[in-house]
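Here's the structure we're looking at; comments come further down.
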Amino acid sequence: MTTPESSIPSNFIRDIVAEDLKSGKRAQVVTRFPPEPNGYLHIGHAKSIGLNFGLAIEHHGICHLRFDDTNPETEDPEYVQAIQDDVRWLGFDWHGKMFFASDYFEKLYQFAERLIQKGRAYVDSSSAEDIRKRRGTLTEPGTDSPHRNRSIEENLALFRRMKAGEFADGTHVLRAKIDMASPNINLRDPVFYRIRKATHYRTGDAWCIYPSYDYAHPLSDALEGITHSICTLEFEDHRPLYDWVVEQADAPHRPRQIEFARLNLTNTVMSKRKLLELVEKNLVSGWDDPRLPTIKGLRRRGYTPEAIRAFCEAIGVAKRDATIEMAMLEHFIREDLNRRAARVMAVLRPLKVVIDNYPEGQVEELDAVNNPEDPGAGTRKVPFSRTIYIEQDDFREVPPPKFFRLSPGKEVRLRYAYIVKCESVVKNERGEAIEVRCTYDPETKSGGPQAGRKVKATIHWVSAKHALDADVRLYEPLLKTDLSKVPADHDWTLYLNPHSLEKLTGCKVEPGLLKGKIGDRYQFERQGYYCVDPDTAKGLLTFNRTVPLRDTWAKIEKAQQEG
RNA sequence: UGGGGGAUCGUCUAGUGGUAGGACGCCGGUCUUUGGAGCCGGCUACCUAGGUUCGAAUCCUAGUCCCCCAGCCA
């Protein structure tokens, strides 16, 4: 599946980049994907990764992977590793250009001294509380700090002592000297350095002062020669500050910041805070819980990188806030898996069927097509015998209108096998069907003389004595509502869908699945796409439902119920 | 309220003065040994009100609504 570059829809950022190249403003394209290693990547990041790496690929440039690790208190090497894995799994290559903001700490420090020397930064010894009070409000200007006019010498001395570890956390900060009355709050002398006597996962205890995002990010970009620094909308009013930092620090290079709208999906959560909350409160099984929109979750769920990339291209890039329907994501995984997933028969909720006129003890090996979309995938043998399992849903003692499957006196085709007719139903004391008695027509075997006889439905089945037991996990949306409609003071976890995970046991699958390896993806015919879960290693074949097949009957049934 | 952004089918997204297009979704048909896939057809969209113009989603004016910003987080 190679999508020609030209078929990817254009967007305003691609246009800007192309124009910068055409006008000669830029000689090449250097972008970057700058995650903070304090959480796992999710599909929203995939959109950004696709954009940044895609731009680089399109123009034969390069996209750096840079860890924005300027906050020692939240970052962890576990995340650094996971992020690299995910970016690679998505199919992107940073060609050795992996960087860390923490590697720039010394240079960043030198730039800060320069700022002080130029009179553009000062040490403020106010408390965090006082700084907040003097910042003003959205409608009122802030007021100058009493330390704002310290001499350059005093600032430099103080800053050096901050660095030397002479002061306690929170006692001093380095601030830009811009304009406390600016209508843009980000320009009211933003904090560039704070004291944090914390051990950084990479620099250890070498530093006790750490740069803030607003200071470190533009300079990291400049240091790396980034041409287009792409970020999300909430940084739009940081752009004047970004430009200020690059200019005042006399940085060797001027990147251009461009903002786009982040991805939102219906019925799920995308914020790091909420994802972390789900994991920490054990509301999900971990970062790779298949219900999560994390890359690791989607991967375990059975999503392919190709489908995720195709989705990210299809949704486009713009500046308006947007929430994409989950159905869109599901479309792309179905489209991909339809082409590549091998078909197998699996009965999730088994109902025993005995074919009375089929010889006891006889077993036939029937030919089954592995993938009708891919003739090269070949065929396989599937065992058939007198006792089989079919899906409970495929039998109704009292069939509703338009129900074409098995019911007393009616015929259906067993896929790749025979046409069978329901003769009687065996029920338990509660009146539930526990077994169905059928007869078969030997002439109707696939490939046989009456194979062409038309019946209204074909259902899947597995031979009882050959079937393998399996667990199957079905997933539904994580959330019942869209959180945008939930008041901020409500506990959002109350809106979690209690049925987001359904575990089925005692499922019966065809014997060929014994060779299924963890991660293998299949289409369970007539049902959906499933993949082998890592828990299979514990001894029992376990599947995750990636996405169900589109189901016309379910719609008919729903419509009938709604009258 | 100050500042920064944004409003086009149900949901995304094109279009930048000349027939409002595409994708998802939905509805119908066709085909089918997957009620899958495919194929064919259809679906009350330019935030509002004025204005400029032969002609406006695009330009102008005035509104309305939505999002972001008052961390020593990113």
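Lettering follows sequence order; numbering is per chain, from 1. Just so you know, these numbers come straight off a predicted model, no measurement behind them.
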Spatial distance of atom CZ (A:Phe311) from atom OG1 (A:Thr304) [nearest 0.5 Å]: 12.5 Å
base_contact_polar (B:U11 base, A:Thr323 side chain, donor-acceptor, <3.5 Å): no
Complement of B:A7, any strand, by Watson-Crick or G-U distances under 3.5 angstrom: B:U64
Sugar-phosphate, base or nothing in reach of A:Asp321, heavy atoms under 4.0 Å: sugar-phosphate
Distances under 3.5 Å between protein N/O atoms and the N/O atoms of nucleotides 69-73 of chain B, please, pair by pair.
from: B:A70; atom 1: O2'; to: A:Arg135; atom 2: NE; distance (Å): 3.4
from: B:G71; atom 1: OP2; to: A:Arg135; atom 2: NH2; distance (Å): 3.2
from: B:C72; atom 1: OP1; to: A:Arg135; atom 2: NH2; distance (Å): 3.0
from: B:C72; atom 1: OP2; to: A:Arg135; atom 2: NH1; distance (Å): 3.1
from: B:C72; atom 1: O2'; to: A:Arg196; atom 2: NH2; distance (Å): 3.0
from: B:C72; atom 1: N4; to: A:Ser126; atom 2: O; distance (Å): 3.1
from: B:C72; atom 1: N4; to: A:Ala128; atom 2: N; distance (Å): 3.1
from: B:C72; atom 1: N4; to: A:Gly170; atom 2: O; distance (Å): 3.1
from: B:C73; atom 1: OP1; to: A:Arg196; atom 2: NH2; distance (Å): 3.1
from: B:C73; atom 1: OP2; to: A:Arg194; atom 2: NE; distance (Å): 3.1
from: B:C73; atom 1: OP2; to: A:Arg194; atom 2: NH2; distance (Å): 3.0
from: B:C73; atom 1: O3'; to: A:Arg194; atom 2: NH2; distance (Å): 3.3
from: B:C73; atom 1: O2'; to: A:Asn71; atom 2: ND2; distance (Å): 3.1

Base-pairing mate for B:G2 - Watson-Crick or G-U, with both contacts under 3.5 Å: B:C69
P gap between B:U48 and B:U8, integer Å: 10 Å
Mutual orientation of the aromatic rings belonging to A:His45 and A:His42 [parallel < 30°, tilted 30-60°, perpendicular > 60°]: tilted
Whole-Å gap separating P (B:G3) and CG (A:Leu233): 19 Å
Nearest-nucleotide pick for A:Lys454, side chain only, options being B:U33, B:C12, B:G35: B:U33
For atom NE2 of A:His331 and atom P of B:G36, their distance in whole Å: 16 Å
Spacing between A:Leu329 atom CG and B:C24 atom C1', to the nearest angstrom: 11 Å
Phosphate-side-chain proximity, A:Arg343 and B:U34, N/O vs OP1/OP2 below 4.0 Å: no
A:Arg550 vs B:A37: side-chain N/O to OP1/OP2 distance below 4.0 Å: yes
Short side-chain N/O contact to B:G36 OP1/OP2 from A:Thr552, under 4.0 Å: yes
Side chain of A:Arg320 - closest among B:C24, B:G35, B:A14: B:A14
Sugar-phosphate only, base, or nothing, as touched by A:Ala318 at under 4.0 Å among non-hydrogen atoms: sugar-phosphate
Distance, P atom - from B:G6 to B:A14, rounded to whole angstrom: 13 Å
Sugar-phosphate, base or nothing in reach of A:Arg175, heavy atoms under 4.0 Å: nothing
Atom P, compared across B:C47 and B:A57: separation rounded to whole Å: 10 Å
Rounded interatomic separation in angstrom, taking CZ from A:Arg453 and C1' from B:U32: 18 Å
Parallel, tilted or perpendicular: ring planes of A:Tyr79 versus A:Tyr40, cut at 30 and 60 degrees: perpendicular
Nucleotide opposite B:C12 in a Watson-Crick or G-U pair, distances under 3.5 Å: B:G22
Identified pairing partner of B:U30, criterion: Watson-Crick or G-U wobble below 3.5 Å: B:G38
Donor-acceptor pair under 3.5 Å, A:Glu259 side chain vs B:G4 base: no
A:His217 ring center within less than 6.0 Å of A:Phe235 ring center: no
Nearest-Å distance once atom P is located in both B:U33 and B:G28: 23 Å
Sugar-phosphate, base or nothing in reach of A:Gln523, heavy atoms under 4.0 Å: base
Separation of B:A74 P from A:His42 NE2 (nearest whole Å): 17 Å
Aromatic plane relationship, A:Phe67 with A:Phe100 - under 30° parallel, 30 to 60° tilted, over 60° perpendicular: parallel
Ring centroid separation A:Tyr440 to A:Tyr418 under 6.0 Å: yes
Sugar-phosphate only, base, or nothing, as touched by A:Pro240 at under 4.0 Å among non-hydrogen atoms: nothing
Whole-Å C1' distance, B:C43 and B:G5: 32 Å
Least distance between heavy atoms, A:Asp103 atom then A:Arg202 atom: OD1-NH1, 2.9 Å
Euclidean distance, atom CG of residue A:Leu241 to atom P of B:G3 [Å, nearest integer]: 19 Å
Sugar-phosphate only, base, or nothing, as touched by A:Ala554 at under 4.0 Å among non-hydrogen atoms: nothing
Length of the line joining A:Phe12:CZ and B:G6:C1', which is rounded to integer Å: 11 Å
Syn-anti status, with the boundary at 90° from 0, for the nucleotide B:G71: syn
Touch class at under 4.0 angstrom, heavy-atom based, for A:Arg415 against every strand present: base
Along RNA chain B (nearest heavy atom to each residue), the more 5'-positioned of A:Met328 and A:Phe404: A:Met328
Inter-nucleotide C1' distance (B:A37, B:C31), Å rounded: 11 Å
Check against salt bridge (Lys or Arg N to Asp or Glu O under 4.0 Å), A:Arg405 and A:Glu557: CA-CA 13 Å; A:Arg405 286 114 92 151; A:Glu557 209 177 19; over 6 Å; no
Distance-only donor-acceptor test (3.5 Å): side chain A:Glu325, base B:G10: yes
Nearest-Å distance for atom pair CZ/P, residues A:Phe403 and B:G35: 11 Å
Sugar-phosphate, base or nothing in reach of A:Ile459, heavy atoms under 4.0 Å: nothing
Spacing of the C1' atoms in B:G3 and B:G15 (rounded, Å): 30 Å
Touch class at under 4.0 angstrom, heavy-atom based, for A:Lys555 against every strand present: sugar-phosphate
Most 5' of A:Asp214 and A:Glu236 on RNA chain B, judged by nearest nucleotide: A:Glu236
Residue among A:Phe159, A:Tyr210, A:Trp207, A:Tyr213 satisfying ring pair (Phe, Tyr, Trp, His ring centres under 6.0 Å) with A:Tyr193: A:Phe159
Base B:U34 to side chain A:Arg526, donor-acceptor N/O within 3.5 Å cut-off: no
Distance, nearest 0.5 Å, that separates CD of A:Glu224 from OG1 of A:Thr31: 10.5 Å
Touch class at under 4.0 angstrom, heavy-atom based, for A:Val455 against every strand present: nothing
Distance, C1' atom - from B:G55 to B:G18, rounded to whole angstrom: 7 Å
A:Trp461 and A:Phe384 aromatic ring geometry - parallel, tilted or perpendicular at 30°/60° bounds: perpendicular
Sugar-phosphate, base or nothing in reach of A:Tyr210, heavy atoms under 4.0 Å: nothing
